[in-house]
Colleague: 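Submitted below is the structure of interest, expressed as structure tokens.
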Amino acid sequence: LQQLRLILTMFNRFYITFFLTFTLLSCNLSLGQNFNKSQIKSLFEKFNNQSQTPFSYKILEDFLKDIKIEDLKKGKEFEKEVLFENFDCECMDVMKISFDKTSKTFILKINEASFVQDLDWCPEHTYIGSFKIKEDKIVNTEFNLVAG
């Protein structure tokens with residue numbers, strides 16, 4: 001009888017440990033979810049259908065892949081200087097993403113600084129993209145040139 005109690009106690013400890021570990025892992029996974037490849041690909045294709053994007057899929061993927069969606073929802077913004085041209089130049093482009101809590105919409109702002117060989121400055125264009133994520137899918141996508 002004492003051996004049976006010992007076995008049951010060990011089983012209960014194992015079960016509780018397993019349950020708590022699984023619960024904590026699943027909470028961390030949902031809170032720490034990054035943009036996945038299918039979301040990024042969908043977003044790029046939808047943007048490109050509305051207005052030819054000045055950037056490549058790879059640039060968008062490199063920008064979004066390490067951003068935690070939950071961090072955006074908590075008010076963090078992410079900004080990165082990138083180079084849309086496929087050669088080195090002084091015209092740096094900027095990508096910035098944020099989340100609007102009121103409309104529950106992600107906002108992607110793109111400032112494109114185009115290289116023009118005959119100019120000593122970089123003409124700029126600004127694009128604003130917006131989208132929502134529902135059931136892990138990108139929806140309600142808009143992408144427009146707003147200045148330039």
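On a predicted model such as this, the values are computed, not experimentally measured, just so you know.
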Colleague: Consider only side-chain heavy atoms of I, L, V, M, F, W and Y, link residues closer than 4.5 Å, and tell whether Phe44 and Val94 are in one cluster.
Modeller: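 Hydrophobic grouping puts Phe44 apart from Val94.
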Colleague: Is it the case that the side chains of Gln50 and Asn144 hold a donor-acceptor pair, with the cut-off being a distance below 3.5 Å and no angle test?
Modeller: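 Gln50 and Asn144 do not have a side-chain donor-acceptor pair below 3.5 Å.
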Colleague: Mark yes when over 12 heavy atoms from residues, nucleotides or ligands other than Lys65 sit less than 6.0 Å from its NZ; otherwise mark no.
Modeller: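 Enclosed.
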Colleague: Does the Thr105 side chain pair with the main chain of Ser103, one donor and one acceptor, at a distance under 3.5 Å?
Modeller: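 It does hold such a pair.
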Colleague: Knowing that exactly one of Asn48, Leu108, Val82 qualifies, which makes a side chain to side chain contact (heavy atoms under 4.5 Å, CB included) with Leu60?
Modeller: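 Exactly one candidate clears the test, Leu108.
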Colleague: Are any of the side-chain nitrogens in Glu45 or Lys41 under 4.0 Å away from the carboxylate oxygens of its partner?
Modeller: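 A salt bridge links Glu45 with Lys41.
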Colleague: Phe84 vs Phe55 aromatic rings, parallel, tilted or perpendicular, using cut-offs 30° and 60°?
Modeller: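 Phe84 vs Phe55 ring planes: tilted.
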Colleague: In this structure, are over 12 heavy atoms from other groups packed under 6.0 Å from Asp88 atom CG?
Modeller: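 Count not over threshold, so no.
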Colleague: What closest approach, in Å, do Pro54 and Tyr127 show between heavy atoms, and which atom pair accounts for it?
Modeller: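 So the two residues come closest at CG-CE1, 3.6 Å.
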Colleague: For Phe35 and Phe106, take the angle between the two ring planes, folded into 0 to 90°, and tell me which bin it lands in: parallel under 30, tilted 30 to 60, perpendicular over 60.
Modeller: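 It falls in the perpendicular class, over 60°.
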Colleague: Decide, yes or no, whether a salt bridge links Lys104 with Asp100 under the criterion of side-chain N to carboxylate O below 4.0 Å.
Modeller: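 No, Lys104 and Asp100 are not salt-bridged.
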Colleague: Which pair of heavy atoms, one from Leu83 and one from Cys91, lies closest together, and at what distance?
Modeller: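 Nearest heavy atoms, Leu83 then Cys91: CD1-O, 3.4 Å.
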Colleague: Mind checking whether Lys46 and Leu43 have side chains closer than 4.5 Å, heavy atoms only?
Modeller: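 Side chain of Lys46 against side chain of Leu43, heavy atoms only: no contact under 4.5 Å found.
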Colleague: Answer yes or no: is there a side-chain heavy-atom contact under 4.5 Å between Lys80 and Phe78?
Modeller: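 The answer is no, as the side chains (C-beta and beyond) never meet within the 4.5 Å cut-off.
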Colleague: Restricting to non-hydrogen atoms, name the atom on Thr126 and the atom on Lys109 that form the minimum distance, rounded to 0.1 Å.
Modeller: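 Looking at all heavy atoms of both residues, the shortest contact is CG2-CE, 3.9 Å.
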Colleague: Do Ile133 and Ile69 touch side chain to side chain, with heavy atoms closer than 4.5 Å?
Modeller: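 Side chain of Ile133 against side chain of Ile69, heavy atoms only: contact under 4.5 Å found.
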